**Q** 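Take this structure first; my questions come after.
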Amino acid sequence: MKRILVTGGAGFIGANFVRMVLDEHPETLVVNLDILTYAGNLENLKGYTDNPNHVFVKGDICDPDLVNELVDKYEIEAIVNFAAESHVDRSLVEPGVFIQTNVQGTLNLLKIALDKKLDRFLQVSTDEVYGSLGPEGYFTESTPLSPNSPYSASKASADMLVCAFGHSWGLPYNITRCSNNYGQYQFPEKMIPLMINNALNDKELPIYGDGLYVRDWLYVYDHCTAIWKVLTEAEPQTIYNVGGNNEKANLEVVRLILDRLGKPDSLIKHVKDRPGHDRRYAIDSSKIMGELGWKPTVTFEEGIVQTIDWYLDNTEWLNHVVSGQYQQYYEDMYAGR
Ligand code: NAD
Ligand code: TYD
C-alpha cells in the first residue's frame with residue numbers, strides 16, 4: 001500500500017499510526033485529513049509535519065469536495081478512517097455531533113471510496129459496538145451488534161454502512177474492532193491519562209460507581225501494527241477484533257497509577273456512575289492472530305509504566321492540552337459529582 005488517506009491522524013490513535021507508518025513503512029505517502037477538534041492536536045505529530053511523505057490537511061471528513069480533491073490530487077489508493085468523536089461521556093451530553101462525524105462523515109468517505117474505485121476502505125471501529133458482557137465470555141467477530149451509548153450506536157451505524165457498501169456494490173472494505181487503547185498522546189479525558197494527570201496534580205481521581213467495571217487494555221502501538229497488517233494483508237470484506245488480552249477492573253488500574261507515581265490511595269473518590277455504563281468488555285482476537293499472525297507485544301504491566309513515564313516526560317504537551325476548551329469541559333462534566 002503506497003498512497004493512503006488517513007483521517008483523524010492528529011488524534012490519539014491516528015497520530016500514533018501516522019508516526020508508525022512514516023517510521024516503519026517509508027515507501028508510503030500519508031495524506032492526513034483532520035479537522036482538529038478539541039481532541040486533535042498537531043503537537044501529536046511534532047517532528048513529522050515536515051516529513052516529505054506526510055501531507056497534513058485541516059478539514060472535515062464530511063466535506064465531499066475536499067475529500068474528492070485530495071483523493072484525485074494524491075492518487076489515493078486506500079482510506080483509513082480514524083476520524084471520530086470518540087468519548088462516551090461527551091456522547092451522553094451532546095450526541096448530535098457523534099452522528100454527524102461518525103455516521104455522516106463515514107458515509108461521505110464511503111461514497112467517495114466507491115466512486116473512485118479505491119483498493120481498500122478500512123474503518124477503525126470499537127469493541128463497544130458489541131455492547132456489554134457479564135463476568136464470562138468474549139466478543140467475537142460474529143457477536144451481534146448491540147451498542148448501548150450514543151457513541152457506540154454511532155460507531156455501529158458506521159460499521160453497518162461499511163458492510164452495506166461492500167454487500168451492495170462490492171466496496172473492498174475491512175473493519176477493525178479494538179478494545180480500549182492506552183499510551184502516548186491520549187487526550188486526558190479518557191480514564192488512564194485523566195487519572196495520571198489528576199494524580200500528578202494531587203487532585204481526586206473520580207471513579208464511576210463501584211470501580212469494578214472491566215476493560216481490556218491494548219497498547220496503542222500494538223493496535224497500530226494490527227491496523228497496518230489488516231490494511232496490507234487481509235482479504236477484503238473482512239472484520240477483525242483486536243484486543244490486548246489485558247482485562248482489568250478500573251480500580252486496579254487506578255491503584256497501579258497511584259503506586260507508580262508514589263501518590264496515596266486516598267486520592268480515589270467514588271463518584272456518581274455513568275448512565276448506562278457497560279460492565280465489561282473482553283475481546284477474542286484469535287482470528288487476527290491465526291489468520292494474519294498479529295499479536296500484542298506489550299503487556300499491561302510494561303505498557304502502563306511506559307505510558308506514565310511518557311506523561312511525566314511530556315508535561316509541556318500535557319499542560320498545553322489541559323487548558324482552554326478542555327478545562328471548561330472538565331468543569332462541566334464533573335460539576336456536582
Ligand atoms: P481522538 O478523539 O483522540 O481523535 C479523533 C480525531 O478525529 C481528532 O484528531 C479529531 O480532530 C478528528 N476529527 C473529529 N471529527 C472530524 C471530522 N469531522 N473531520 C476530520 N477529522 C475529525 O480518538 P482516538 O482515541 O484516536 O480514536 C480514533 C478512532 O479509534 C475512533 O474512530 C474511535 O472510535 C476508535 N477507537 C478508539 C478507542 C480508544 O480506546 N481510544 C478504542 C476503540 C476504537
Ligand atoms: P473511558 O476511558 O472513557 O473509555 P470507555 O468508556 O470508552 O471504555 O473509560 C474507561 C473506564 O473508566 C470506563 O469503565 C469508565 C471509567 N471511568 C471512570 O471511572 N472515571 C472517569 O473519570 C473516566 C473518564 C472513566
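Please read all numbers here as calculations on a predicted model, not as lab measurements. When a ligand or atom number is given, it counts from 1 through the structure's own listing order.
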**Q** Starting from atom 21 (N) of ligand 1, which protein heavy atom do you reach first, and at what distance in Å?
**A**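 Closest protein heavy atom to atom 21 (N) of ligand 1: Ile35 N, 3.1 Å.
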
**Q** Within the structure, is a non-hydrogen atom of Ser179 found at a distance of less than 4.0 Å from ligand 1?
**A**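 Flag set, Ser179 near ligand 1.
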
**Q** Under 3.5 Å between some N or O of ligand 2 and some N or O of Tyr208?
**A** yes

**Q** From atom 37 (C) of ligand 1, work out which of Thr7, Ile13, Val67 has a heavy atom at the shortest distance.
**A** Ile13

**Q** Please determine if Tyr213 has a nitrogen or oxygen closer than 3.5 Å to a nitrogen or oxygen of ligand 2.
**A**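 No, Tyr213 has no N/O under 3.5 Å of an N/O on ligand 2.
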
**Q** Can you name the atoms of ligand 1, numbered from 1 with element, that are less than 4.0 Å from a heavy atom of Phe82?
**A**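 What qualifies from ligand 1 is 28 (C), 29 (C), 31 (C), 32 (O).
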
**Q** In terms of residue, atom name and distance, what is the protein heavy atom nearest to atom 9 (O) of ligand 1?
**A** Asp34 OD2, 2.5 Å

**Q** Only one of Trp317, Tyr219, Tyr221, Tyr182 forms a ring pair (Phe, Tyr, Trp, His ring centres under 6.0 Å) with Trp310, so which one is it?
**A**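 Running ring pair (Phe, Tyr, Trp, His ring centres under 6.0 Å) over Trp317, Tyr219, Tyr221, Tyr182 with Trp310 returns exactly one hit, Trp317.
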
**Q** Which ligand 2 atoms are under 4.0 Å away from a heavy-atom of His87?
**A** 3 (O)

**Q** Does Val88 reach ligand 2 with a nitrogen or oxygen that is under 3.5 Å from one of the ligand's nitrogen or oxygen atoms?
**A** no

**Q** For ligand 1, is there an atom lying under 4.0 Å from some heavy atom of Ala15?
**A**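 Under 4.0 Å: no for Ala15.
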
**Q** In this structure, does ligand 2 have an atom that sits under 4.0 Å from one of the heavy atoms of Tyr281?
**A**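 It does; at least one heavy atom falls under 4.0 Å.
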
**Q** So which of Arg274, Lys272, Lys190 actually passes salt bridge (charged side-chain N to carboxylate O under 4.0 Å, His left out) with Asp89?
**A** Arg274

**Q** Report the nearest protein non-hydrogen atom to atom 1 (P) of ligand 1: residue, atom name, distance rounded to 0.1 Å.
**A** Ser86 OG, 3.5 Å

**Q** Checking contacts here: is it the side chain or the backbone of Tyr151 that comes within 4.0 Å of ligand 1, counting heavy atoms only? Could be both or neither.
**A**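 Looking at Tyr151 and ligand 1, just side chain atoms fall under 4.0 Å.
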
**Q** What part of Val271 sits under 4.0 Å from ligand 2 if we count only heavy atoms: the side chain, the backbone, both or neither?
**A** neither

**Q** Touching ligand 1 at all, Val124? Heavy atoms, strictly under 4.0 Å?
**A**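 Right, Val124 reaches ligand 1.
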
**Q** With a 4.0 Å cut-off on heavy atoms, is Ala10 in contact with ligand 1?
**A**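 In this structure, Ala10 qualifies as a contact of ligand 1 - some heavy atom is under 4.0 Å.
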
**Q** I need the contact type for Glu189 against ligand 2. Using non-hydrogen atoms and a strict under-4.0 Å cut-off, is it side chain, backbone, both or neither?
**A**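 Glu189 to ligand 2: backbone contact only, side chain stays beyond 4.0 Å.
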
**Q** Quick one: which ligand 2 atoms are inside 4.0 Å of a heavy atom on Pro206?
**A**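 Under 4.0 Å from Pro206, ligand 2 has these atoms: 18 (C), 19 (O), 20 (N), 21 (C), 22 (O).
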
**Q** If you define the side chain from C-beta out and look only at heavy atoms, does anything of Leu200 sit under 4.5 Å from Leu318?
**A**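 Yes. Closest side-chain heavy atoms under 4.5 Å.
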
**Q** For Tyr182 and ligand 1, answer yes if some heavy atom of the residue is under 4.0 Å from a ligand atom, otherwise no.
**A** no

**Q** Relative to the heavy atoms of Ser125, which atoms of ligand 1 are at a distance of less than 4.0 Å?
**A** 43 (C), 44 (C)

**Q** Which bit of Asn250 is near ligand 2, meaning a heavy atom under 4.0 Å away: side chain, backbone, both or neither?
**A**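 The answer is the side chain of Asn250.
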
**Q** Arg274 to ligand 2: N or O pair under 3.5 Å?
**A** yes

**Q** Considering non-hydrogen atoms only, spot the tightest contact between Glu247 and Ala282 and give its length.
**A** OE2-CB, 3.4 Å

**Q** When you measure from atom 19 (N) of ligand 1 to every protein heavy atom, which one gives the shortest distance, and what is it?
**A** Ile61 N, 3.0 Å

**Q** Has ligand 2 got any nitrogen or oxygen that is less than 3.5 angstrom from a nitrogen or oxygen of Trp217?
**A** no

**Q** Heavy-atom distance under 4.5 Å between the side chains of Leu312 and Asp309, does that happen here?
**A** yes

